[in-house]
Amino acid sequence: MTLSESGSILLHMRTERLLQLLQILRQHRLPVSGQRLADELNISIRTLYRDIATLQAQGAQIDGEPGMGYVLNPGFFLPPLMLTEDEISAIMLGVRWVSAFGDVPMASAADSALAKVTAVLPADLVQGANEVPLRVGPPGELATEDLTLFRKAIRRERKLAIRYRAADGKRAAG
């Protein structure tokens, strides 16, 4: 291995660590102690302080200081497609399930989302994403109805009045 190659590997490792630090901070709404962050990243507290300073210099809105803890301000944009293989597998599995078993609007949205995600994934991850071996079985009967109204009610926390109608078109009593 050449000196240039080893430097490149170290830079890649540090970049991954910085992104991991941002991700950890994104998961907490309250300040997290520097020692806890350092322990989670398996680095020294001194390295953590340097990493936080680097991220702040690059525009990350991290508030805090030694002894007080650190918090990433809401609204900081972290590119969402810095995904692990497991995260990609989870996304692919979910999208495939919705595409196959969701109602027409959701299946269409899943297909559209899948196209967008795979369009911006690095080439080596696209092949792996398309080869995810995980599968989920059908949920019983396939949904042929448009369930958009139900999703909207759930998102808006609204009640719906539902009346059952049998397959022969007769309304249930009540």
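For this chain, numbers begin at 1 and follow the sequence in order.
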S.K.: Counting distance only, does the side-chain N/O of Gln56 pair as donor-acceptor with the main-chain N or O of Ile62 below 3.5 Å?
M.R.: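 Such a contact is found between Gln56 side chain and Ile62 backbone.
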S.K.: Supply the atom-to-atom distance Leu25 CG to Asn73 CG, rounded to the nearest 0.5 angstrom.
M.R.: 10.5 Å
S.K.: Quick check for you: to the nearest 0.5 Å, what is the distance between Leu55 atom CG and Gln61 atom CD?
M.R.: 12.0 Å
S.K.: Might you point out which heavy atoms bring Leu22 and Ala60 nearest each other, and give the distance in Å?
M.R.: CD2-CB, 4.1 Å
S.K.: How long is the gap from CD1 on Ile24 to CG on Leu41, to the nearest 0.5 Å?
M.R.: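 The CG atom of Leu41 is 4.0 Å from CD1 of Ile24, to the nearest 0.5 Å.
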S.K.: When rounded to the nearest 0.5 angstrom, what distance separates OG in Ser33 from CG in Leu48?
M.R.: 9.0 Å
S.K.: What's the shortest heavy-atom distance between Ser99 and Ala107, and which atoms?
M.R.: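 Heavy atoms of Ser99 and Ala107 come nearest at O-CB, 3.5 Å.
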S.K.: Which heavy atom of Ala110 sits nearest a heavy atom of Val98, and at what distance?
M.R.: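 For Ala110 and Val98, the tightest heavy-atom pair comes out as CB-CG1, 3.8 Å.
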S.K.: Mind checking whether Val71 and Leu30 have side chains closer than 4.5 Å, heavy atoms only?
M.R.: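 No. Closest side-chain heavy atoms not under 4.5 Å.
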S.K.: Under the salt bridge (Lys or Arg N to Asp or Glu O under 4.0 Å) definition, can you give me all pairs with a residue in residues 47-61, not counting sequence neighbours?
M.R.: Arg14-Asp51, Arg17-Asp51
S.K.: Please report the interatomic distance OH(Tyr70) to CD(Glu65), rounded to the nearest 0.5 Å.
M.R.: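 Answer rounded to 0.5 Å: 7.5 Å.
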S.K.: How far does CG of Asp63 sit from CE of Met68, to the nearest 0.5 angstrom?
M.R.: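 So the gap between those two atoms works out to 11.0 Å.
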S.K.: If you define the side chain from C-beta out and look only at heavy atoms, does anything of His28 sit under 4.5 Å from Leu72?
M.R.: no
